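Shown next, in structure tokens, is the structure this report addresses.
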Amino acid sequence: MLTQTEALLPTPGMRPRRLRRTPALRRMTRETWLRPADLIAPLFVAAGTDIARPIGSMPGQSQLSVDRLLPETDALLALGVPAVLLFGLPATKDAVGSAGWASDGPVPRAIAALKAHTPELVVIADVCLCEYTDHGHCGVLHAETGEVLNDETLPLLARTAVAYADAGADIVAPSAMMDGQVAAIRAALDAAGHRDVPVLAYAAKFASAFYGPFREAADSTPAFGDRRAYQMDPANGREALREVALDAAEGADMLMVKPAGLYLDIIRQVRDRYEVPIVAYQVSGEYAAQQAAVERGWLDERRAALESLTAIKRAGADLIITYYAKAAAGWLAEGEY
Ligand code: PBG
């Protein structure tokens, strides 16, 4: 029985629930669709052969040698995922990261093998020194202070980008957060005859705790200190727009925001200001945190993954780099979500 007051409550004039009543109505009125073509799979390439080493902090992900990479990219292509982003685990490291631009390094070898095997696969090469330096920082260090030197690092990043383009990379993606890195790489690519190789700039890259699992995966934990003197303060939104503006002015063909899920406001603002494709990187810690909850039975893997990716797309990302690429494409192939 309703009380007298309850009986007098107004009936709603507007009823948004009308359009949510059936699956068909919900489908017709859905604003954001996730497609396999929106996804880019990050892959860790190890030196050597017949290596498939599971990454402890990233359940479902492994370091793969070049020979073991091809079945993985075949599976991705079959599911409609068009692109991969390659990181390298070299056999040796030194102070300047010279294994990064060695033509027989894991990434150039993987690029060549992939382009020979499936030319239609878009191969993106991450350009940074941190996987190749013995100290784990993204650039070369000042001998006394240990400071990461900006201008001294630029030619090494440029050399690395050219080595990847020489190997056949379709896109290079500088992630070191050195000032002027996009311009340096653009000039070096042009001078080396790679005018048509686009630069995907890690434009707004925050100094995030959520890169933790990646550093295990890529063996790139800094031996001392952290990356806060070159990556951005997570508190800074306006500064992110300034970083993006600089990379756009330096000639970036695509702009990235990273991480993704905690930075949806930045993705939206970049989307509203720029016409080039916007890429968001759902990073290792975002994946690891969700997967840890999945393993405990606290989250449904498929629903949580597709919801997190849909939210990133709704915020304005055209493309999403995600460790869920293969799984998500598989779920999408099964039908509506
Ligand atoms: C290299 C690089 C990192 C990531 C992408 N490129 C690590 C870092 O900046 O510390 C992180 C990716 C991830 O966490 O999934 N500089």
Side-chain angles (χ1 to χ4, degrees), residues 39-45 55-63 84-90 93 97 99-100 106-107 124-133 135-141 148 150 153-154 156-157 160-161 164 171-179 181-182 185 199-234 243 247 256-263 279-292 305 308-309 312 317 319-326:
L39 307 176
I40 299 168
L43 295 171
F44 299 97
V45 191
I55 301 162
S57 55
M58 299 176 71
Q61 307 293 315
S62 298
Q63 299 170 345
V84 295
L85 172 65
L86 301 183
F87 297 96
L89 293 129
K93 305 192 185 208
V107 168
I124 309 172
D126 183 273
V127 177
C128 193
L129 301 187
C130 67
E131 300 122 77
Y132 305 98
T133 51
H135 46 73
H137 276 289
C138 301
V140 292
L141 306 180
V148 176
N150 194 88
T153 300
L154 294 178
L156 307 186
L157 293 172
T160 306
Y164 297 162
I171 300 175
V172 292
S175 68
M177 285 300 278
M178 296 299 129
D179 294 336
Q181 64 182 10
V182 172
I185 287 171
V199 175
L200 160 57
Y202 283 71
K205 178 173 175 179
F206 292 88
S208 175
F210 288 79
Y211 304 152
F214 173 94
R215 294 183 187 164
E216 179 193 332
D219 187 23
S220 65
T221 309
F224 63 91
D226 55 41
R227 303 209 201 290
R228 280 185 279 196
Y230 41 108
Q231 299 179 353
M232 285 190 359
D233 184 340
E243 280 283 4
D247 283 5
M256 193 198 300
V257 175
K258 174 191 173 192
L262 297 171
Y263 297 85
V279 182
Y281 196 146
Q282 184 182 52
V283 300
S284 57
E286 300 181 76
Y287 175 82
Q290 278 184 208
Q291 288 306 92
S308 64
L309 294 169
I312 293 164
L319 297 163
I320 307 171
I321 302 167
T322 173
Y323 301 97
Y324 283 116
K326 188 165 86 170

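Because the structure is predicted, anything quoted here is derived from the model rather than measured. Start at 1 and go down the list; that is how both ligands and their atoms are numbered. Throughout, residue positions are numbered sequentially from 1 according to the sequence presented.
- When only modelled atom types and interatomic distance are considered, Tyr324 and Gln291 share a side-chain donor-acceptor pair under 3.5 Å.
- Of the possible polar contacts, one joining the Thr153 side chain to the Val140 backbone as a donor-acceptor pair under 3.5 Å is found.
- For atom 5 (C) of ligand 1, the nearest non-hydrogen atom from the set Lys258, Met177, Arg227 comes from Lys258.
- The ligand atoms of ligand 1 that sit less than 4.0 angstrom from a heavy atom of Asp126 are 6 (N).
- Of all the heavy atoms of Cys130, the ones lying under 4.0 Å from any atom of ligand 1 belong exclusively to the side chain.
- Not a single heavy atom of Ala176 sits less than 4.0 Å from an atom of ligand 1.
- Which parts of ligand 1 touch Cys138 is read off a 4.0 Å heavy-atom cut-off, strictly below it: atoms 16 (N).
- Within a 6.0 Å sphere centred on CZ of Phe210, heavy atoms belonging to other residues, nucleotides or ligands number 12 at most.
- Distances shorter than 4.0 angstrom occur between a heavy atom of Lys205 and an atom of ligand 1.
- Here the heavy atom of the protein found nearest to atom 14 (O) of ligand 1 is Ser284 OG, 2.7 Å.
- Heavy-atom proximity to Gln231, at under 4.0 Å, picks out these atoms of ligand 1: 8 (C), 9 (O), 10 (O).
- Annotation: cation-pi geometry not satisfied between Lys205 and Tyr281 (NZ/CZ under 6.0 angstrom from ring centroid, within 45° of ring axis).
- By the 6.0 Å contact criterion, NZ on Lys93 is enclosed, its count of non-hydrogen atoms from other residues, nucleotides or ligands being greater than 12.
- For Glu286 (side chain) and Gly261 (main-chain N/O), a donor-acceptor pair under 3.5 Å exists by modelled atom type.
- In terms of polar-atom proximity, Tyr323 is counted as a contact of ligand 1, with an N or O under 3.5 Å from an N or O of the ligand.
- Of the possible donor and acceptor atoms, one in the side chain of Tyr287 sits under 3.5 Å from a partner among the backbone N and O of Pro59.
- No N or O atom of Glu131 sits closer than 3.5 Å to an N or O atom of ligand 1.
- Assignment of Phe87 to the shell around ligand 1 is supported, since a heavy atom sits closer than 4.0 Å.
- Here the straight-line distance linking atom CZ of Arg215 with atom SG of Cys130 works out to 7.5 Å at 0.5 Å rounding.
- Residue contacts with ligand 1 for Ser175 involve both N, CA, C or O and side-chain atoms from C-beta outward (heavy atoms, distance under 4.0 Å).
- With respect to atom 12 (C) of ligand 1, the closest heavy atom belonging to the protein is Phe214 CD1, 3.3 Å.
- Although no hydrogens or angles enter the test, the distance criterion places a donor-acceptor pair under 3.5 Å between the side chain of Gln63 and the main chain of Ala217.
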